[in-house]
Amino acid sequence: MKIQLSIRKNQLDKLIQSLEHLCIHLRLDEDCPWIDHFERQLENAKSLSNSKFTQKELSDLSSSIRSVYGGMGSFNDYYNPNYTKHRNEVMKLLGSSTDLSERVYEYALELMVIGITSS
């Protein structure tokens with residue numbers, strides 16, 4: 001069973017919004033080592049959204065985003081030690097960096113091929 005591209009477009013749009021929110025949060029830490037990766041993924045996702053993307057392109061984007069999750073020294077270990085009034089306001093509006101990173105991972109995973117094979 002293939003997933004319609006219109007559904008994939010909606011999934012991609014959710015991922016773009018989550019990446020935008022995560023990037024806003026990560027920019028609050030001037031020393032964040034992950035901002036370049038996620039801004040690049042955001043640009044890639046926007047570029048795909050404005051084109052006739054293929055499932056392979058979506059799968060590649062998903063893999064690239066998820067590649068920084070898991071293992072020692074990964075994005076999962078990231079912690080922003082800077083507490084400011086502005087950061088607290090961003091967290092109230094968008095959620096914590098943990099919530100946002102989990103959302104990005106989940107939405108990236110949704111873009112992978114999911115199918116049912118029948119015997």
Side-chain angles (χ1 to χ4, degrees):
M1 178 175 104
K2 285 189 171 182
I3 297 177
Q4 295 176 352
L5 288 181
S6 62
I7 293 172
R8 290 298 194 200
K9 173 72 167 101
N10 290 335
Q11 291 171 328
L12 182 57
D13 289 342
K14 287 191 318 186
L15 175 63
I16 288 169
Q17 182 179 37
S18 294
L19 281 166
E20 287 172 338
H21 291 172
L22 180 60
C23 286
I24 288 168
H25 203 286
L26 295 179
R27 283 186 209 108
L28 297 174
D29 178 4
E30 293 176 3
D31 298 322
C32 178
W34 300 106
I35 188 64
D36 290 342
H37 171 78
F38 285 103
E39 285 183 337
R40 189 170 45 255
Q41 301 311 317
L42 175 58
E43 291 306 313
N44 291 342
K46 285 180 177 180
S47 177
L48 287 178
S49 181
N50 293 323
S51 70
K52 290 188 175 188
F53 53 79
T54 65
Q55 180 57 55
K56 179 169 180 353
E57 290 171 318
L58 295 178
S59 296
D60 289 347
L61 174 66
S62 173
S63 294
S64 183
I65 289 170
R66 293 179 302 109
S67 70
V68 299
Y69 289 81
M72 220 175 3
S74 70
F75 182 60
N76 293 24
D77 296 335
Y78 171 71
Y79 169 74
N80 181 350
N82 305 310
Y83 286 99
T84 64
K85 183 177 180 180
H86 180 62
R87 180 175 174 223
N88 288 339
E89 290 169 359
V90 169
M91 286 174 62
K92 285 178 187 176
L93 282 172
L94 305 177
S96 70
S97 60
T98 301
D99 293 339
L100 295 170
S101 67
E102 287 173 0
R103 225 173 291 146
V104 165
Y105 186 91
E106 176 185 318
Y107 293 151
L109 192 58
E110 283 184 356
L111 291 179
M112 295 299 292
V113 176
I114 300 171
I116 301 170
T117 57
S118 56
S119 313

Checklist entry - Quick one: side chain to side chain contact (heavy atoms under 4.5 Å, CB included) partners of S63, sequence neighbours excluded? => result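 Residues passing side chain to side chain contact (heavy atoms under 4.5 Å, CB included) with S63: R66, M112.
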Checklist entry - Who pairs with S6 by side chain to side chain contact (heavy atoms under 4.5 Å, CB included), at least two apart in sequence or on another chain? => result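 If we apply the side chain to side chain contact (heavy atoms under 4.5 Å, CB included) test to S6, skipping adjacent residues, the hits are Q4.
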Could you state the interatomic distance from [atom1] ([X]) to [atom2] ([Y]), rounded to the nearest 0.5 Å?
X   : Y    : atom1 : atom2 : answer
I16 : Q11  : CD1   : CD    : 12.0 Å
L61 : N44  : CG    : CG    : 6.5 Å
N88 : M91  : CG    : CE    : 6.5 Å
Q55 : L111 : CD    : CG    : 7.5 Å

Checklist entry - Where does the angle between the aromatic ring planes of F75 and F38 fall among parallel (under 30°), tilted (30 to 60°) and perpendicular (over 60°)? => result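 Aromatic pair F75/F38 classed tilted.
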Item to check | Partner residues of K56 under the salt bridge (charged side-chain N to carboxylate O under 4.0 Å, His left out) criterion, sequence neighbours left out | outcome: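 K56: salt bridge (charged side-chain N to carboxylate O under 4.0 Å, His left out) contacts with D60.
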Item to check | Verdict with supporting geometry, L26 and C32, side chain to side chain contact (heavy atoms under 4.5 Å, CB included) | outcome: CA-CA 6 Å; L26 295 179; C32 178; 3.9 Å; yes
Does a side-chain heavy-atom distance below 4.5 Å link [X] with [Y]?
X   : Y   : result
L93 : I24 : no
I65 : L15 : yes
V90 : H25 : yes

Checklist entry - How close do L42 and C23 get, heavy atom to heavy atom, and via which atoms? => result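 Where L42 meets C23 most closely, the heavy atoms are CD2-SG, 4.3 Å.
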Test side-chain hydrogen bond (donor to acceptor under 3.5 Å, both in side chains) applied to [X] - qualifying residues, sequence neighbours left out:
X   : answer
Y78 : D29
S64 : Q41
E39 : R27

Item to check | salt bridge (Lys or Arg N to Asp or Glu O under 4.0 Å) contacts in which one or both residues fall within residues 9-20, not counting sequence neighbours | outcome: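 The answer is K9-D13, K14-E110, E20-K46.
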Checklist entry - Do any pairs count as a salt bridge (Lys or Arg N to Asp or Glu O under 4.0 Å) and have a residue in residues 83-93, sequence neighbours left out, and if so which ones? => result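 Found none.
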Item to check | Sequence neighbours excluded, every pair satisfying ring pair (Phe, Tyr, Trp, His ring centres under 6.0 Å) that has a member inside residues 44-65 | outcome: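 Non-adjacent pairs meeting ring pair (Phe, Tyr, Trp, His ring centres under 6.0 Å): zero.
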Identify every side-chain donor-acceptor pair in residues 99-108 under 3.5 Å, counting partners at least two apart or on other chains, and give the distances.
residue : atom : partner : partner atom : Å
D99     : OD2  : S96     : OG           : 3.3
S101    : OG   : S97     : O            : 3.2
S101    : OG   : T98     : O            : 3.1

